[in-house]
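As structure tokens, the structure follows; a few thoughts come after it.
Remember, it's 1-based here, ligands and their atoms both numbered in the order they're listed. Computed from a predicted model, the values in this text were never measured in an experiment.
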Amino acid sequence: MSAPTADRPATGVFSPTRARIAARTLRTDNWRKAPILTDLGLAAFVIYATVRAFWGSAYWVEDYHYLTPFYSPCVSASCVEGARHFGTWVGEVPWFIPLAFVSLPFLLLFRLTCYYYRRAYYRSVWQSPTACAVAEPHARYTGETRFPLIVQNSHRYFFYIAVVISLINTYDAIMAFHSPTGFGFGLGNIILVGNVVLLWIYTLSCHSCRHVTGGRLKHFSKHPVRYWIWTQVSKINTRHMLFAWITLGTLMLTDFYVMLVASGTIPDLRFIG
Ligand code: FES
């Protein structure tokens with residue numbers, strides 16, 4: 001895009017008082033690459049997760065008690081009985097309600113309101129900005145001052161819920177050390193535990209976690225324990241973007257592996273049991 005046309009007001013770098021440069025940007029690098037990769041990555045996950053969440057089968061391995069995180073917790077009468085680790089809360093649900101209806105909406109909101117993902121989709125989807133020093137396609141900008149974007153300020157509550165869901169995923173991963181003869185250990189356990197560990201790192205590296213643990217304090221010297229926790233959270237927080245993407249990958253991988261084993265497509269590689 002170049003200079004504004006008659007139907008679009010001269011804003012931003014095209015304002016009357018700014019130096020007259022007709023180009024949207026003078027950058028010569030491939031500044032579209034990062035937003036395109038972000039779009040492709042997010043779309044791949046959203047499509048995969050949506051299809052699997054509504055699939056309704058191949059989510060539980062009876063012999064080894066593997067439960068995919070996309071179906072946890074499974075609390076309706078529609079769930080396979082063994083997969084109901086926390087009991088049966090409601091009767092059968094129609095096909096358009098995912099079996100993990102208790103957790104999925106909150107996990108979606110947790111990631112949607114995540115500070116890193118906001119940066120990612122404000123750039124790649126909203127084009128605000130598409131890249132640094134590239135003029136916006138928008139004539140107006142209100143940031144996060146109005147509804148609906150002001151609701152992003154509720155992120156910490158979704159962080160608290162995500163901690164509870166991580167505990168549930170941890171319980172599932174522990175229950176999966178099972179075989180028809182008692183204790184069991186297979187490749188599925190390594191995948192499930194690896195996924196849970198990375199989910200914890202992503203969750204605890206959250207900016208809201210950094211704030212509530214110690215970031216909001218004024219005098220660290222008076223709070224040695226919270227200072228130590230804040231220091232550790234800050235260390236993983238510097239990699240928050242990385243863990244956001246890694247966990248999207250491990251969630252898909254974990255679900256895919258459980259799906260293959262649960263559907264009988266491949267056997268689980270067993271070490272014990
Ligand atoms: S900021 Fe990303 S999960 Fe909280």
| side-chain hydrogen bond (donor to acceptor under 3.5 Å, both in side chains) with Thr238: which residues, sequence neighbours excluded? | none
| message | By the disulfide bond (SG atoms under 2.5 Å apart) test, which pairs, at least two apart or in different chains, include something from residues 162-193? | response | none
| message | So that I know where these two stand, are Phe110 and Tyr202 an aromatic pair - ring centroids less than 6.0 Å apart? | response | yes
| Relative to the ring of Phe106, is the ring of Phe158 parallel (under 30°), tilted (30 to 60°) or perpendicular (over 60°)? | tilted
| query | How are the rings of His65 and His178 set relative to one another: parallel (under 30°), tilted (30 to 60°) or perpendicular (over 60°)? | reply | parallel
| remark: Distance filter < 2.8 Å from atom 4 (Fe) of ligand 1, protein N/O/S hits 2
| field | Within residues 209-231 or reaching into it, pairs that qualify as side chain to side chain donor-acceptor pair (under 3.5 Å) - sequence neighbours excluded | value | Arg210-Ser234
| remark: Near Tyr202 (heavy-atom distance under 4.0 Å), the atoms of ligand 1 are 2 (Fe), 3 (S)
